[in-house]
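In what follows, a single structure is set out as structure tokens and then discussed.
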Amino acid sequence: MDKTYQPEQIESRWYERWEADGRFAPSGEGEPYSIMIPPPNVTGSLHMGHAFQDTIMDTLIRWRRMQGNNTLWQVGTDHAGIATQMLVERKVAAEEGKTRHDLGRDAFIDKVWEWKHESGGHITRQLRRMGASVDWSRERFTMDDGFYKAVQEVFVRLYEEDLIYRGKRLVNWDPTLHTAISDLEVENRDQQGSFWHFRYPLADGVTTDTGLGYLVVATTRPETMLGDTGVAVNPEDPRYASLVGKFIELPLVGRRIPIVADEHADMEKGSGCVKITPAHDFNDYEVGRRQGLPLINVFTQDAAILPQAEAFDIQGRPLPDIDPSLPQAYAGLDRFEARKQIVADMEAAGLLEQVETVNNTLPYGDRSGDVIEPLLTDQWFVAVERLAKPAIEAVENGDIQFVPKNYENMYFSWMRDLQDWCISRQLWWGHRIPAWYDIDGNVFVARNEVEATREYLVELGHFIEHEQGDFDTAMRLRGFNQLLGGTTEMTADALKTMEKLGVPRLSQDEDVLDTWFSSGLWTFGTLGWPEKTPELKTFHPSSVLVTGFDIIFFWVARMIMLTLKFTGEVPFKQVYVHGLVRDGQGQKMSKSKGNVLDPIDLIDGIQLDELLEKRTGSLMQPQKAKAIAKATRDEFPEGIEPHGTDALRFTFLSQATTGRDIKFDMGRLDGYRNFCNKLWNASRYVLMNAEGEDCGVSLEGQGGDVELSLADRWIVSRLQQTEAQVTRALEEFRFDHASQALYEFVWNEYCDWYLELSKPVLWDDNASPSAKRGTRRTLVRVLEAILRLAHPMMPYISEEIWQRVAPLAGKAAGDGSESIMNQPWPVAEQEKIDEQATRDIEWLKGVIVAVRNIRAEMNIAPGKPLDVLLTKGGPDDPARLEANRRVLPKLAKLASVDWLYDPQQAPLSATQLVGEMEVLVPMADLIDKDAELARLAREIDKQDKLIGGIEKKLGNESFIAKAPDAVVEKERTKLADFQAARRLLVEQHDKIAAL
RNA sequence: AGGACCAUAGCUCAGUUGGUUAGAGCGCCACGUUGACAUCGUGGAGGUCGGCGGUUCAAAUCCGCCUGGUCCUACCA
């Protein structure tokens with residue numbers, strides 16, 4: 001083995017080997033355990049959040065696999081509608097100077113597929129770098145054929161049950177992307193804006209109670225006034241009671257609009273009068289519905305002013321009786337231009353009463369960054385109410401558990417106030433909506449065009465026969481319909497026949513589905529639904545979903561609703577919710593801030609100049625480049641060193657504390673890389689001493705007799721406890737505890753103590769062969785168990801070392817034909833826990849630490865051999881000394897150590913207490929009297945404080961009376977210990993003072 | 001406005017059902033190179049557990065209020 005741990009040399013090699021050997025696929029035996037990966041964007045790249053999440057999932061999967069579960073980690077990618085389409089649009093614009101409209105739908109979609117094929121392997125390669133043991137043989141894509149089928153099926157069935165409907169509704173419209181987006185994709189940002197107060201003249205010579213000929217309304221959106229269809233006052237408002245039912249003459253437009261009474265109008269705010277624009281404001285839409293006001297749309301899809309308004313009733317039916325004319329001065333003006341112009345015109349007309357500056361929030365599209373516009377458009381919706389009920393119950397009754405539990409509240413509060421889900425998007429990349437229209441706009445929802453056409457032919461035939469009495473044509477249509485039966489595609493022949501029959505072809509809906517509609521089917525769609533596959537039976541519901549809190553609404557809630565609806569099962573039994581990975585300062589990582597860390601760079605390392613280029617290369621705001629470059633130089637003056645995948649994974653796990661965001665700590669990454677190195681070198685030591693030697697047992701068979709030392713029994717005992725700790729932590733999703741338990745055992749016990757304790761045995765020619773065998777066997781076996789314990793967290797290094805160590809423990813061929821991946825998870829054995837050995841080793845450690853302390857306090861060189869005396873202490877202590885004669889002098893670097901039976905004989909010494917026992921280092925000539933007296937005085941003072949505290953407690957009658965006996969007893973013991981320590985210090989002090 | 005979460009050593013974080021001399025890693029200081037490891041070893045300094053009040057024999061831990069921070073939801077005509 002190399003002297004230093006070099007991760008890059010082992011990582012890719014092992015991953016390829018595992019994959020080639022098919023070790024990621026389900027074993028087919030044991031209790032099923034499955035995780036569905038949250039599918040990353042197919043053309044994206046791995047960020048810290050993915051790396052974190054994948055580490056957790058892989059740890060769980062590897063752990064369960066070792067426990068003997070039939071594990072499936074389902075992998076796949078998402079087509080990510082808007083994100084991918086935008087990316088390709090930008091690419092096409094840059095490379096060819098064309099828009100998607102220049103290319104046309106089919107050619108553009110070809111381009112997207114091309115891009116998918118070109119870049120789609122990137123993130124899956126990165127996933128491999130992370131060591132993710134996903135089953136690549138089952139990799140899926142949300143737009144593959146099987147998924148397409150599942151999506152169609154779900155859509156059609158929901159439609160058939162009236163859970164999907166189409167309608168003209170007010171939706172969040174992105175004027176840049178020209179598509180509807182869901183509430184969740186809207187980001188509200190605080191802004192400073194103006195608040196304009198307008199005078200709206202009363203019609204028909206009516207005046208207010210105070211004699212004014214107008215009402216004052218205020219708005220932050222003056223341009224929408226063109227679409228006003230009413231003014232509302234509060235029904236309780238005495239000031240305007242007489243005006244309800246009267247009319248306003250809408251300025252600039254001239255339309256007569258009614259004054260209505262509606263509780264939406266707040267008497268406290270402004271004048272108490274509010275303009276109502278049902279086609280351009282969500283609240284006003286509701287007022288319009290309640291008051292029966294028409295909807296007048298004045299915007300184009302670019303959010304510019306229409307030359308002529310469009311009027312509808314609340315059902316979305318056109319209202320031809322309403323005069324659609326708008327002032328031509330505004331036609332074609334962008335909304336913000338129109339706003340300026342309208343304010344100017346109102347002012348010129350003397351109708352602008354005042355302008356206030358206010359803070360308000362504006363909705364922005366999270367993809368385009370444009371201001372979102374409520375716009376009246378035809379869209380498809382899922383009626384969620386009936387779906388939500390069972391989804392809420394599933395969490396209430398514990399079929400689904402959130403970890404940590406408090407996210408359940410977040411889920412409930414959202415689920416109990418759900419709006420219908422707008423699922424249509426005016427995009428090209430995605431699942432096209434399976435709905436077809438005839439020339440009259442009648443809709444046929446079906447699994448494919450043939451099915452839709454057949455429905456259409458039935459209706460058409462019926463109409464022709466009964467309404468037109470044309471029996472022959474009707475019969476011919478039916479004949480054709482029969483012919484189509486059983487096919488799923490409209491063939492050229494079929495189309496020709498239709499033409500002959502004079503039946504126009506149906507046209508498919510242009511829209512595609514919201515990406516989350518298809519990802520909502522992820523857990524069962526990936527397993528072959530709607531077919532009843534064996535995988536579906538075995539692996540559904542999945543065991544646990546690992547995801548960020550930020551997509552509980554987007555994804556988790558919708559998966560629960562759709563999965564319950566279509567499989568009757570929950571999608572997963574548990575949801576492990578983790579926080580966001582932030583930078584070391586707690587800032588969200590973002591390209592524009594220039595603080596993004598790439599997990600691959602942490603693994604492989606990166607030069608400073610390359611890192612700078614990455615962070616400042618293609619910034620949206622190039623002026624930030626300088627500041628970003630400086631911050632990067634300050635933080636990483638030498639770039640980033642390679643740390644390896646295992647260290648990165650271990651860092652994530654150690655920081656995976658429940659339910660809060662993670663500030664990624666480079667210091668910890670360094671620390672855990674060092675930990676890998678520690679494990680590496682400890683293994684080197686073990687191999688150096690065990691390979692080619694008799695370890696008591698090996699692949700070749702039984703070796704000679706073994707004799708287990710105190711240290712051997714102790715470390716085996718501690719191993720059992722560590723195994724139990726790690727297992728329990730994993731069961732509770734406490735990855736931080738799991739990693740810490742392993743770290744502490746390996747470093748603080750196995751390396752710091754056990755390896756040191758083994759040296760005197762192995763290096764002592766006088767030690768018996770059976771004792772040496774016992775030590776070698778323990779070294780090897782404990783290390784082998786450590787590696788298995790570490791494997792789910794650190795797959796590579798554990799495998800690499802295990803291949804060398806396992807044969808020594810009689811476990812594997814050592815040629816890679818076996819893998820640690822498939823070894824049994826260590827199970828703690830109660831009978832190996834040895835309390836006596838633990839106490840004895842604690843005693844030994846106590847003596848060694850005492851000597852080290854004396855060296856430090858007395859300024860004695862660490863290597864200088866000392867003569868030491870032990871005295872007082874318990875009845876077992878002289879025997880303990882004898883039992884440890886081989887190791888104690890070696891570890892504490894002693895020239896001699898003896899038991900002093902008569903404490904009175906003690907020479908002047910530096911002393912330390914180990915329990916009751918005193919450790920003496922005679923050193924009459926070495927003591928600096930004054931300094932030592934001062935030190936002892938400080939120590940005595942310290943003990944006095946401790947004693948004082950406890951005496952006060954024990955002097956309190958209610959404490960004695962009310963505290964449990966065990967607690968009281970513990971305090972008494974402590975008091976005795978402190979007093980003994982103090983006595984010793986005082987004795988020592990007096991002795992030195994007397995010199 | 002409503003809600004959630006958080007506040008423990010210079011930094012990043014543990015701290016199970018109240019009872020610990022309040023811990024770890026990094027950083028810092030001192031010392032240390034013969035055979036696993038300087039990506040190391042040994043020893044050390046550093047905290048009135050955000051503030052105030054309460055419950056209790058006992059509070060970092062439970063309750064209330066306050067301050068500061070992060071986030072979510074809603075509203076802002």
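Predicted model only: the values in this text are computed from it and were never measured. To find a chain, count down the sequence lines: A is the first, B the second, and so on, and within it residues start at 1.
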task = For A/Phe195, report the nucleic acid contact type (base, sugar-phosphate, nothing); a contact means any heavy atom under 4.0 Å.
result = sugar-phosphate
Any donor-acceptor pair under 3.5 Å from A/His737 side chain to A/Arg728 backbone = no
note = To the nearest angstrom, the CZ-C1' distance between A/Phe412 and B/U73 comes to 17 Å
request  = Please determine if A/Lys678 forms a cation-pi arrangement with A/Tyr750, meaning its NZ or CZ atom is less than 6.0 Å from the six-membered ring centre and no more than 45° off the ring axis.
outcome  = no
task = Could you tell me whether the side chain of A/Asp2 and the main chain of A/Thr4 form a donor-acceptor pair under 3.5 Å?
result = no
inquiry  = Need one value for A/Gln655: base, sugar-phosphate or nothing, where a base atom within 4.0 Å counts as base even if backbone is also close, heavy atoms only.
reply    = sugar-phosphate
ask   = Starting at OH of A/Tyr407 and ending at C1' of B/U73, how long is that distance when rounded to a whole Å?
value = 15 Å
A/Ser590 backbone acceptor or donor facing A/Asn595 side chain under 3.5 Å = yes
Backbone N/O of A/Thr651 and side chain of A/Arg668: donor-acceptor pair under 3.5 Å = no
query = Do the ring planes of A/Tyr685 and A/Trp763 sit parallel (below 30°), tilted (30 to 60°) or perpendicular (above 60°)?
reply = perpendicular
key: Residue of the set A/Tyr407, A/Phe733, A/Tyr411 for which ring pair (Phe, Tyr, Trp, His ring centres under 6.0 Å) holds with A/Phe402   = A/Tyr411
query = Between B/U20, B/U16, B/A24, which nucleotide gets closest to the side-chain atoms of A/Arg728?
reply = B/U16
task = With P as the reference atom in both, quote the distance from B/G35 to B/C40 in angstrom, rounded to an integer.
result = 16 Å
query = Checking A/Asn677 side chain against A/Tyr5 main chain: does a donor-acceptor pair fall under 3.5 Å?
reply = yes
remark   = One should report the stems of RNA chain B, each a stretch of at least three consecutive Watson-Crick or G-U pairs at distances under 3.5 Å, as B:1-7 with B:67-73, B:10-13 with B:23-26, B:28-32 with B:40-44, B:50-54 with B:62-66
ask   = How is A/Lys945 classified with respect to the nucleic acid when contacts are heavy atoms under 4.0 Å: base, sugar-phosphate, or nothing?
value = nothing
request  = Before accepting this row, confirm whether a basic side-chain N of the pair A/Asp281/A/Arg221 lies closer than 4.0 Å to the acidic partner's carboxylate O.
outcome  = no
inquiry  = Generate the contact string for nucleotides 26-41 of chain B. Rules: B means base contact, S means sugar-phosphate contact only, - means no protein heavy atom under 4.0 Å.
reply    = ---------BBBSBSS
request  = Take the protein atom CZ of A/Phe978 and the nucleotide atom P of B/U20, then report the distance between them rounded to whole Å.
outcome  = 11 Å
key: Separation of B/C57 P from A/Glu969 CD (nearest whole Å)   = 21 Å
query = To the nearest Å, how far apart are A/Asp583 CG and B/U12 P?
reply = 11 Å
ask   = Roughly how far apart, to the nearest Å, are B/G15 and B/C62 at atom P?
value = 12 Å
message = When the P atoms of B/G3 and B/U61 are compared, how many Å lie between them, rounded to an integer?
response = 23 Å
query = Relative to each other, are the rings of A/Tyr200 and A/Phe198 parallel, tilted or perpendicular (30° and 60° limits)?
reply = parallel
key: Between C1' of B/C75 and CG of A/Asn188, the distance in whole Å   = 10 Å
inquiry  = Could you tell me how far B/C31 sits from B/A14 if I compare only their C1' atoms? Round to whole Å.
reply    = 30 Å
message = Classify A/Lys942 by what it touches in the nucleic acid, base, sugar-phosphate, or nothing, heavy-atom distance under 4.0 Å.
response = nothing
note = In whole angstroms, the gap separating P of B/C75 from CD of A/Glu286 amounts to 11 Å
task = Rounded to whole angstrom, note down the C1' distance from B/U21 over to B/C49.
result = 16 Å
query = Whole-Å distance between B/A4 C1' and A/Asp661 CG?
reply = 13 Å
task = Check every strand shown and say whether A/Asn956 touches a base, only sugar-phosphate, or nothing at a heavy-atom separation below 4.0 Å.
result = sugar-phosphate
query = Heavy-atom contacts under 4.0 Å between residues 730-738 of chain A and RNA chain B, which residues?
reply = A/Arg734, A/His737
ask   = A/Asn853 side chain N/O closer than 4.0 Å to the phosphate oxygens (OP1, OP2) of B/G44?
value = yes
key: Identified side-chain hydrogen bond (donor to acceptor under 3.5 Å, both in side chains) counterpart of A/Thr224 within the set A/Lys275, A/His280, A/Arg339   = A/Lys275
task = Return yes if some donor-acceptor pair links the side-chain N/O of A/Asp736 with the main-chain N/O of A/Thr657 below 3.5 Å, else return no.
result = no
query = Are A/Lys962 and B/A58 close enough that a side-chain N or O sits under 4.0 Å from OP1 or OP2?
reply = no
ask   = How far, in whole Å, is B/C63 from B/A74 if one measures between their C1' atoms?
value = 29 Å
query = Between A/Asp417 and A/Val217, which has a closest nucleotide on RNA chain B that is more 5'?
reply = A/Asp417
task = Can you measure from CZ (A/Phe412) to CD (A/Glu408) and round to the nearest 0.5 angstrom?
result = 5.5 Å
message = Could you tell me how far B/C11 sits from B/A58 if I compare only their P atoms? Round to whole Å.
response = 33 Å
ask   = Would a line drawn from the ring center of A/Tyr672 to the ring center of A/Phe650 be shorter than 6.0 Å?
value = yes
request  = Assign each of A/Leu362 and A/Lys970 to its nearest nucleotide of RNA chain B by heavy atoms, then name whichever residue's nucleotide is nearer the 5' end.
outcome  = A/Lys970
key: C1' atoms of B/C75 and B/U48, separation to the nearest Å   = 43 Å
